[in-house]
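I have placed the structure first, in the form of structure tokens, so that the comments after it can refer back to it.
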Amino acid sequence: MENKGTDTALVLQKMGEIQMCKLHNYDNATKLLFDALEILRGAEGGEEEYGENQNMMSLVLLIAQAYASAKDFDHSLDFYEEHIELLEENTPENEDLIAESLYAMGNIFAAMDNPDYELAIEKLVDCLDMKKKIFGLDDERVTAVVYTLATIYEKAGHQDKATDSLAEALHSYKMKQNKAGSVKVYHALGRMRS
């Protein structure tokens, strides 16, 4: 019986993913994904518990992304928090996924109708620390977070920190000969000076 519930949950998840990614119908996507999550939460644990936890973590992340796409930031943040908690409980060695959720949360706090830049900065700094630990200082995934952090610093009125972060991003992009990244940073610096 459990397997039938899990199969149903997977079908609902796939339908939700289609609604979200292909049809951009975020309301239907969140309903389908949430139904799938409820089925998995109702399933009894057993031999497949680890697999069900993986499915649950994926569903929670998809729901957070669907809510964010629908600009329902409060619900999105709740599900990103739950995603981080599930990751910490079930796969503590997978800090990259936690960092990605922190990155998304930082962007959401900055994009809200009443942005909370300080909370956005806090989430992005936590993300940056994890990415540096995982990938090293010169990795472009780290540089992407530094650049995003610089844009939030600028919006929050922390011009010195924004300039320092942009300089750090520019240095990294130049070292990697990433022209598109360098141009992006030069554009941001020009915007700050005007």
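Hydrogens, waters and symmetry mates are skipped; everything else that's a heavy atom, side chains included, is used.
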When rounded to the nearest 0.5 angstrom, what is the spacing between [atom1] in [X] and [atom2] in [Y]?
X	Y	atom1	atom2	result
Asn107	Met105	CG	CE	11.5 Å
His83	Leu77	NE2	CG	14.0 Å
Glu85	Ile98	CD	CD1	11.0 Å
Ile121	Leu128	CD1	CG	12.5 Å
Ser182	His187	OG	NE2	14.5 Å
Leu40	Thr8	CG	OG1	10.0 Å

Legend entry - Met175, CE atom: more than 12 neighbouring heavy atoms under 6.0 Å: no
What are the two closest heavy atoms between [X] and [Y], and how far apart are they?
X	Y	answer
Ala110	Ala120	N-CB, 3.9 Å
Tyr103	Thr148	OH-OG1, 2.7 Å
Ala9	Ile39	CB-CG2, 4.0 Å
Phe73	Ala111	CE1-O, 3.7 Å

Hey, does [Y] have a side-chain heavy atom less than 4.5 Å from the side chain of [X]?
X	Y	answer
Leu166	Thr163	no
Leu102	Leu124	no
Leu32	Lys14	no

N/O donor to acceptor pairs below 3.5 angstrom from side-chain atoms of residues 154-162, sequence neighbours left out:
unit_1, atom_1, unit_2, atom_2, d
Glu154, OE1, Arg191, NH2, 3.4
His158, NE2, Glu118, OE2, 2.9
Gln159, NE2, Glu154, O, 3.4

Going by salt bridge (charged side-chain N to carboxylate O under 4.0 Å, His left out), name the residues that satisfy it together with [X], two or more places apart in sequence or in a different chain.
X	value
Arg193	none
Lys133	Glu95
Lys131	Asp96, Glu100
Glu38	Arg41

Inset, instruction - Decide whether Asn178 and Glu140 meet the rule of one side-chain donor and one side-chain acceptor closer than 3.5 Å. - result: yes
Inset, instruction - Classify the side-chain pair His24/Tyr26 by whether it contains a donor and acceptor separated by less than 3.5 Å. - result: yes
Legend entry - Axial cation check for Phe109 ring with Lys123, 6.0 Å and 45° limits: no
Check for a donor-acceptor pair, side chain of [X] on one end and backbone N or O of [Y] on the other, with a separation under 3.5 Å.
X	Y	value
Asp72	Ala68	no
Ser172	Glu168	no
Ser165	Tyr147	no

Inset, instruction - Can you tell me which residue pairs pass the salt bridge (charged side-chain N to carboxylate O under 4.0 Å, His left out) test with a partner in residues 27-36, sequence neighbours excluded? - result: none
